[in-house]
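Here the structure is a predicted model, which is why all the values come from computation and not from measurement. We number each residue from 1, following the sequence as shown. We use all heavy atoms of the structure for the numbers below, so side chains are in, but hydrogens, waters and symmetry mates are not.
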Amino acid sequence: MTTKNHSVADIITRNRVWRSIFRQGYPADDENRARAIMNSWFLHIHPVKVKLHSLKLTYTWGLGVISFVLFLILVVTGAWLMFFYVPSVQSAYTDIQNLDTAVTFGALMRSLHRWSAHLMVVVVFLHLCRVFFTGGYKRPREFNWVIGVLLWVVTMLLSFTGYLLPWDQLSYWAITVSTNIVGAFPLIGEALRQLLLGAAEAGPPALVRFYALHIAVLPVVMTILIGIHFWRIRKDGGLSSPSEASENEYGDR
Ligand code: HEM
């Protein structure tokens with residue numbers, strides 16, 4: 001940086017308004033750059049130092065970030081859909097038909113929600129494969145792998161619970177068949193099936209239960225798990241690296 005730029009940085013750094021918002025100097029040197037990351041609520045998700053190779057698109061293929069963006073799209077479009085959908089067996093089916101035919105942007109928002117849900121299942125699975133094939137599950141990242149497995153399970157459960165909500169023939173029989181599969185589980189199967197359905201067969205209590213799981217319980221669990229997942233990536237020293245295994249078998253830093 002030129003002397004002139006340094007003096008601009010100095011002026012900014014001494015400014016009281018700047019100081020009241022940013023606790024560190026202008027990020028013109030390594031120390032202040034590190035402080036800028038640590039002190040900003042928006043930036044502190046990133047590790048202070050990033051390994052160069054992990055910025056290469058072909059290492060992660062951006063699959064984790066795409067999964068997260070899809071989750072955000074699902075939250076926004078899902079909240080919008082809630083304004084037009086009531087989880088009762090009398091109205092669920094017609095509410096969805098109205099969304100497709102009468103509500104402004106209804107078909108668009110519903111399609112965005114459905115396509116993002118399908119894509120999320122595919123992308124999260126591909127992300128899981130990427131982590132596996134690059135050895136990202138190895139020490140010290142075993143715990144984050146376990147959090148990842150839970151994220152995969154919650155992704156599948158969100159998909160499963162959302163499938164019942166249109167209350168058409170496809171959803172009704174899909175839920176009947178899949179809860180029957182749960183019922184075939186030894187010992188606790190039947191109890192689990194009845195717990196899911198809230199009755200002996202799919203009906204009004206099942207719709208309310210699946211709705212509550214789909215719009216409240218599972219999204220909250222997902223949000224908490226994603227928070228831990230991101231925090232853990234930072235605490236595990238950023239992303240795994242291809243050289244890590246050969247440098248140190250146990251990945252200790
Ligand atoms: C909602 C689902 C998920 C989201 C939003 C998510 C997000 C992310 C993001 C943004 C990263 C940073 C690197 C990248 O973009 O690839 C990452 C890394 C990682 N994820 Fe996920 N993830 C999800 C599911 C999973 C699953 C299903 C697994 C494995 C079972 C997993 C295991 C990991 C591990 C171990 C890392 C660190 C990898 C490394 O250091 O190379 N994640 N995740």
Side-chain angles (χ1 to χ4, degrees), residues 63 66-128 149-185 188-226:
L63 292 166
I66 298 172
S67 308
F68 183 57
V69 170
L70 287 170
F71 177 63
L72 292 183
I73 295 175
L74 282 160
V75 170
V76 173
T77 53
W80 191 90
L81 291 173
M82 281 170 66
F83 284 95
F84 305 97
Y85 173 87
V86 178
S88 98
V89 290
Q90 283 80 28
S91 59
Y93 181 67
T94 44
D95 284 351
I96 298 287
Q97 279 188 325
N98 283 338
L99 266 166
D100 274 345
T101 55
V103 176
T104 313
F105 297 127
L108 174 72
M109 295 301 260
R110 185 178 173 218
S111 302
L112 267 174
H113 196 74
R114 272 188 89 95
W115 277 99
S116 304
H118 295 321
L119 265 178
M120 187 165 166
V121 171
V122 175
V123 174
V124 171
F125 181 71
L126 290 177
H127 170 61
L128 185 157
V149 172
L150 294 178
L151 280 169
W152 170 243
V153 172
V154 175
T155 306
M156 297 303 285
L157 288 177
L158 272 164
S159 232
F160 175 65
T161 50
Y163 207 69
L164 176 74
L165 304 184
W167 204 248
D168 52 15
Q169 286 293 315
L170 195 63
S171 348
Y172 182 85
W173 292 109
I175 297 306
T176 303
V177 170
S178 46
T179 47
N180 278 345
I181 294 173
V182 172
F185 202 77
I188 54 164
E190 186 49 31
L192 213 58
R193 193 182 80 86
Q194 298 227 4
L195 185 72
L196 275 174
L197 294 178
E201 57 188 48
L207 183 54
V208 173
R209 281 176 191 214
F210 276 55
Y211 181 71
L213 286 170
H214 189 75
I215 61 118
V217 180
L218 294 170
V220 168
V221 173
M222 179 74 111
T223 305
I224 294 170
L225 287 175
I226 290 180

Rounded at 0.5 Å granularity, tell me how far [atom1] in [X] sits from [atom2] in [Y].
X      : Y      : atom1 : atom2 : value
Leu99  : Leu108 : CG    : CG    : 11.5 Å
Leu207 : Leu197 : CG    : CG    : 11.5 Å
Tyr85  : Thr94  : OH    : OG1   : 10.0 Å
Leu170 : Leu164 : CG    : CG    : 11.0 Å
Leu150 : Met222 : CG    : CE    : 11.0 Å
Asp95  : Leu165 : CG    : CG    : 11.5 Å

Taking all non-hydrogen atoms of both residues, which atom of [X] and which atom of [Y] are closest, and how far apart?
X      : Y      : result
Ala117 : Leu74  : N-CD2, 3.7 Å
Leu63  : Ser67  : O-OG, 2.8 Å
Ala107 : Asp100 : CB-O, 3.8 Å
Pro87  : Val208 : O-CG2, 3.8 Å
Pro166 : Arg110 : CG-NH2, 4.2 Å
Val154 : Leu218 : CG1-O, 3.8 Å

Could you tell me which residues satisfy side chain to side chain donor-acceptor pair (under 3.5 Å) with [X], sequence neighbours excluded, listed by chain and number?
X      : answer
Thr155 : none
Tyr93  : Gln97
Thr176 : none
Trp152 : none

Check whether any side-chain N or O of His214 sits under 3.5 Å from a backbone N or O of Gly162 as a donor-acceptor pair, and report yes or no. yes
Non-neighbouring partners of Phe71 that pass ring-ring contact (aromatic ring centres under 6.0 Å, His included), sequence neighbours left out: none
Any side-chain heavy-atom pair of Leu196 and Arg209 under 4.5 Å: no
Can you tell which of Leu225, Ile224, Thr223 makes a side-chain contact (heavy atoms from CB on, under 4.5 Å) with Val221? Leu225
Please list, chain by chain and in numerical order, all residues satisfying salt bridge (charged side-chain N to carboxylate O under 4.0 Å, His left out) with Arg193, sequence neighbours excluded. Glu190
For atom CZ of Phe160, is the number of surrounding heavy atoms from other residues, nucleotides or ligands below 6.0 Å larger than 12? yes
Please identify which of these residues, Tyr172, Trp173, Trp167, meets the side chain to side chain donor-acceptor pair (under 3.5 Å) condition with Gln169. Trp173
Check against side-chain contact (heavy atoms from CB on, under 4.5 Å), Met82 and Tyr211: CA-CA 10 Å; Met82 281 170 66; Tyr211 181 71; 3.8 Å; yes
Parallel, tilted or perpendicular: rings of Phe84 and Trp80 (30°, 60°): tilted
